[in-house]
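To start, the structure under review is shown below, and the notes come after it.
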Amino acid sequence: MVERPAFEDLYREFLGRIYAYVRSQVGTSADAEDITAQVFMNAYQAYGRFEARHTTPAAWLFRIARNATLDHFRASGRRERLRRTIQHQPVVEEDPAGQAEERIQYQALMARVAELPERQRDAISLRHSGLSFDEVGKLIGCSEDAAKMLYHRALKALKEAVQREGV
Amino acid sequence: MSERDDDLELQALQRELDDAFATTRPRRDFEDELWLRMQAARPATNRLRDAIAGLLQGIREVPAVPAAAVATLLVVILGVGLFASMHPRLGGGGAATSNYNAEQSTRGAGADMAAVAFGRLPSPVFGDGTKTSQPVAPTITGDEYFGPAQFVWSGRLTVSTASARVYRYREPSTTDADQFASALGAVLRERPEGLLGSYSAATYNLNIRPTVQRPLSSPTYYVISSASMPPVDAAGASPADVATIFLSQHSLYPDWANAVMFTTTGDPIRVVFQRQFEVAAGTPSAFLVDANGDRYGIEVDLQGNRPILVAGMLPVRMDAAEYPIVSPDVAVQTLTSARPNDSPSTPPVAQLTQAELVYVLVAAGDHSFYEPAYLFSGKVQVGGKMYTKRILVAAVDPSQRNP
């Protein structure tokens with residue numbers, strides 16, 4: 001039988017990595033905090049059902065994080081479309097509340113990652129969050145080899161975006 | 001562009017992505033705040049189940065110690081106690097015992113000098129388990145570099161004492177937490193995992209946490225304002241004044257020496273009462289710092305004149321005893337002669353120009369300590385940019401510390 005680590009150990013170990021993953025997906029640190037909080041709230045409630053022999057804690061937590069991020073996009077997409085329809089306002093990307101305390105060194109590069117198509121963005125973010133290609137593939141629903149190919153295509157697309165638009 | 005150049009550029013981009021993901025982190029307080037929220041949100045049935053499971057686990061984990069071993073241990077302890085009482089100078093492992101009385105030492109430091117010293121002391125353990133705060137992996141946060149480095153010292157520090165006080169406190173219990181809360185007029189709601197207690201008052205919730213080993217943290221209380229918390233009635237007062245008035249009104253103003261600092265921008269504005277410890281008679285006080293070298297004590301977050309969160313050191317009764325400390329020169333030598341941790345590449349050279357004597361928390365189970373340390377700081381160049389570099393070195397003489 002595989003022993004489960006204490007949830008607090010998981011929390012302390014993965015909070016920063018999950019936040020970085022989420023931050024690479026969304027536009028603001030405030031959204032990243034909200035989603036990260038939701039991820040760990042959900043994980044905390046579900047930890048009793050987590051079985052270490054079926055998956056690694058990392059893959060389990062990143063699956064929750066990916067689902068929470070997709071939920072966020074769905075909800076915010078609906079809200080934003082509605083708001084823009086009503087107010088005829090452009091997309092707001094500023095995050096004044098979060099900028100003061102944000103601990104992010106490569107803001108421009110992370111912004112370029114966030115602009116990639118969804119699957120490419122996921123492949124880059126999950127891979128550089130420390131997951132294996134096997135784990136990345138399982139999370140986004142493809143084989144390990146397909147995840148590798150997707151990742152390398154994403155890397156080339158990112159390089160071109162960086163050369164075109166700078167970081 | 002050749003295929004080889006293309007590959008090299010992709011590899012460089014991969015390294016940059018590694019750095020980007022390794023250094024993107026939430027703001028400093030987010031981890032503790034979220035943990036508290038999670039604890040507070042747990043259903044009562046879960047907490048009861050965990051408490052029972054914890055109790056059962058505790059029972060299972062108690063080792064079966066043979067009665068003969070217990071008897072031997074008691075004899076040894078009694079023997080040492082008798083020997084120490086006949087030879088008081090030996091009781092403290094060679095450390096100087098103090099002649100200060102309780103009233104003198106309570107002023108400013110909130111501590112009683114111990115009748116005997118505490119024996120050999122545990123060594124401070126910094127971020128990655130080393131005896132200095134030299135980390136293994138490079139990390140950059142804001143303007144600060146936390147990675148491994150080689151050190152060159154070109155500053156000057158004179159410390160006018162060869163010994164410094166070490167402070168010891170007993171780990172606070174749930175009874176201590178309840179008494180603290182009761183004195184504030186807060187009522188116990190529950191005891192979530194990881195907290196000594198969670199309490200309610202008319203305008204705020206109060207959570208009390210014991211010493212935490214990782215990340216290392218002193219026993220702390222958190223006052224979390226509810227929507228009914230009124231602003232402090234002090235039009236035109238500075239944030240420091242607003243925080244002081246609030247703490248005084250709620251019997252939370254510290255009885256220890258401190259310096260007050262506050263941010264001038266941002267929402268919320270943060271006021272920090274930085275705690276100071278008396279080092280020795282006739283010596284300037286020293287600030288308490290965390291493992292990163294940041295000063296702490298009580299933090300008050302203000303939105304306008306309305307306090308929204310207070311995080312402060314839980315008052316604990318402390319004993320103090322004087323121990324010999326190494327000179328700044330010896331500490332520098334420790335630093336400059338230390339080999340950086342295993343690293344594939346040569347670490348950057350940090351030019352250290354400033355140093356001060358500080359106090360750091362050393363968590364050690366039932367009793368923990370605040371021990372003196374040297375905090376060195378300077379600049380280091382990494383990737384073409386200049387960063388601040390700080391590093392802590394334990395100050396208590398190694399002969400007085402456990403290996």
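Here is how names work: the chains are called A, B, and so on, in the same order as the sequence lines, proteins then strands, and each is numbered from 1.
- Counting heavy atoms from C-beta outward, B:I208 and B:T220 have side chains that stay 4.5 Å or more apart.
- Heavy atoms of A:Y11 lying under 4.5 Å from chain B belong exclusively to its side chain.
- For B:P231, the side chain to side chain contact (heavy atoms under 4.5 Å, CB included) partners at least two apart in sequence or on another chain are B:N305, B:R306.
- A search for side chain to side chain contact (heavy atoms under 4.5 Å, CB included) contacts involving B:V212 returns B:R209, B:S217, not counting sequence neighbours.
- The parts of A:R17 that come within reach of chain B are both its backbone and its side chain, each placing non-hydrogen atoms under 4.5 angstrom from that chain.
- By the 4.5 Å heavy-atom criterion applied to side chains, B:L302 and B:P268 are not counted as neighbours.
- Within the 4.5 angstrom heavy-atom criterion, atoms from both the backbone and the side chain of B:Q14 approach chain A.
- Contact of A:I18 with chain B is not made at all, since no heavy-atom distance falls under 4.5 Å.
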